[in-house]
2 protein chains.
Amino acid sequence: MNESALTPERILAAAEDVLRRFGPGKATVVDVAQALGVSHGSVYRHFASKAALRDAVLRVWLERTMAPLQIIANGKAAPPTRLRQWLGALREAKRDKALGDPELFATYGALAADAREVINEHVEHLRGQISSIIAAGVASGDFRKVDARATALTIFDATTRFHYPGLAHLWGNPGEDAAFKQLIDLLIRGLAADGKPAAR
Amino acid sequence: MNESALTPERILAAAEDVLRRFGPGKATVVDVAQALGVSHGSVYRHFASKAALRDAVLRVWLERTMAPLQIIANGKAAPPTRLRQWLGALREAKRDKALGDPELFATYGALAADAREVINEHVEHLRGQISSIIAAGVASGDFRKVDARATALTIFDATTRFHYPGLAHLWGNPGEDAAFKQLIDLLIRGLAADGKPAAR
DNA sequence: ATAATGACAATATTTGATATTTGTCATTCC
DNA sequence: GGAATGACAAATATCAAATATTGTCATTAT
């Protein structure tokens, strides 16, 4: 086993690179193997199918780009503020990718279209983070006594306009920042405990 | 000028029919002309291009399917109730089309994809209706003193999850009704004047 | 023994020659 | 005269043959 042993990690890195250079339509597993200097049969020793490789690449990418969210969710800001920060960060992460490198964003969008399973896991993960912030808000008395998990879904649904990749074409519009702020204000107000006007 | 004179209306009806039978990919203007028993050149006397014909068909369809909304918007139910009814009707109209006849829904979705202009007009129209309900709610004291037009957009954005056709694949899920109700409740609560808990 | 290879069958994609469709307009019809 | 036609050029779409890709596995290399 030398330092250039063929590992899933090395294959993933190569696949990501090939995908970035060739796009989702053109990237083949032969290309990935070639980039690693091995035969494509060897790749199949580590990933059962092209779909499995695709899923793994998508998972890694999602984990990497959503990392800042976990930090905010675990933070100690007051829950209403934390919820604002978290939703703002989710929006920014997506928007920066979409506007900063539209091709790559489209590439991962194409991957996601065929990986419903991975996406469901991902959404479930995000929902858990929102849920923990809401639970904290209920405990602190900032929010009404709502069901945290159900409300997390409601918040996620309500902000779809600003995080669903299929709507990325709207994210460059002029009024976008104001529209987002207005929505968050309305949601936080709807969540606020009586007599505790929304923080901020 | 006899009773079977070639009019834009007759062409529109034929186009709609051809579109329904052949789908958006296969329907040609020769097909439309044939259905009318005229040459395709004659169609071009009434519509400048295939795109113009397509836009007209889409406009007629949107007008027809959204007709119930105007009635609700003009109704005299208390504004919070009216807003609930209106948003519920918007959701239902879309969902019924999407689940009831998926092919036709996909057909009009395809038309819409190439008719950004028509869609913008349409959204503007809906926004106006929401706006008038909100203005009524502010006047009646049920809602806080919000900017009706800006808030109308916020409400439209917040409900994207339930009316954007690109998300139709989610509309058959089990928890869907509950999720929608939860969202509307949260929005109405966020809109309610202090001391006036959300009407039911 | 374990890892890697490459030949292979079954699909899927690309290509490019052929056919259709769009949009125009000079001519015909009533 | 105004409405309709159909022949036409240019732009698009279609389809079948040629090529490439996926996934397997018996064989080879270490």
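A, B, ... follow the sequence lines: proteins, then strands. Residue 1 opens every chain.
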(request) Answer yes or no on whether A:Arg91 is positioned over the face of A:Phe180, meaning its NZ or CZ is under 6.0 Å from the six-membered ring centre and within 45° of the axis. (result) yes

(request) Please report, rounded to the nearest Å, how far the P atom of C:dT21 is from the CG atom of B:Leu53. (result) 15 Å

(request) Return no unless some side-chain N or O of A:Ser39 is found under 4.0 Å from OP1 or OP2 of C:dT5. (result) yes

(request) Spell out, as yes or no, whether a donor-acceptor pair under 3.5 Å connects the side chain of B:Asp31 to the backbone of B:Thr28. (result) yes

(message) Using a 3.5 Å distance criterion without hydrogens, assess whether the side chain of A:Ser42 forms a donor-acceptor pair with backbone atoms of A:Val38.
(response) no

(request) Report the distance from atom CG of B:Leu36 to atom P of D:dA4, rounded to the nearest whole Å. (result) 11 Å

(request) Round to a whole Å and report the spacing from CZ of A:Phe47 to P of C:dA4. (result) 13 Å

Short heteroatom pairs, N/O only, protein and nucleotides 23-29 of chain D, under 3.5 Å:
from, atom 1, to, atom 2, distance (Å)
D:dG23, OP2, A:Tyr44, OH, 2.9
D:dG23, OP2, A:Lys50, N, 2.7
D:dG23, N7, A:His40, NE2, 3.2
D:dG23, O6, A:His40, NE2, 3.0

(request) Give the ring-plane orientation class for B:Tyr108 versus B:Trp61, where under 30° counts as parallel, over 60° as perpendicular and anything between as tilted. (result) parallel

(message) From the set D:dT22, C:dA4, C:dT22, return the single nucleotide nearest to any side-chain atom of A:His46.
(response) C:dA4

(message) With nearest nucleotide decided by heavy atoms, which residue, A:Lys26 or A:Ser42, maps closer to the 5′ end of DNA chain C?
(response) A:Ser42

(request) Say whether, by atom type as modelled, one donor and one acceptor occur between the side chain of B:Arg82 and the main chain of B:Ala77 under 3.5 angstrom. (result) yes

(request) To the nearest Å, give me how far apart CG (A:Leu6) and C1' (D:dT30) are. (result) 16 Å

(request) Using a strict 4.0 Å threshold on nitrogen-to-oxygen distance, state whether B:Arg149 and B:Glu124 make a salt bridge. (result) yes

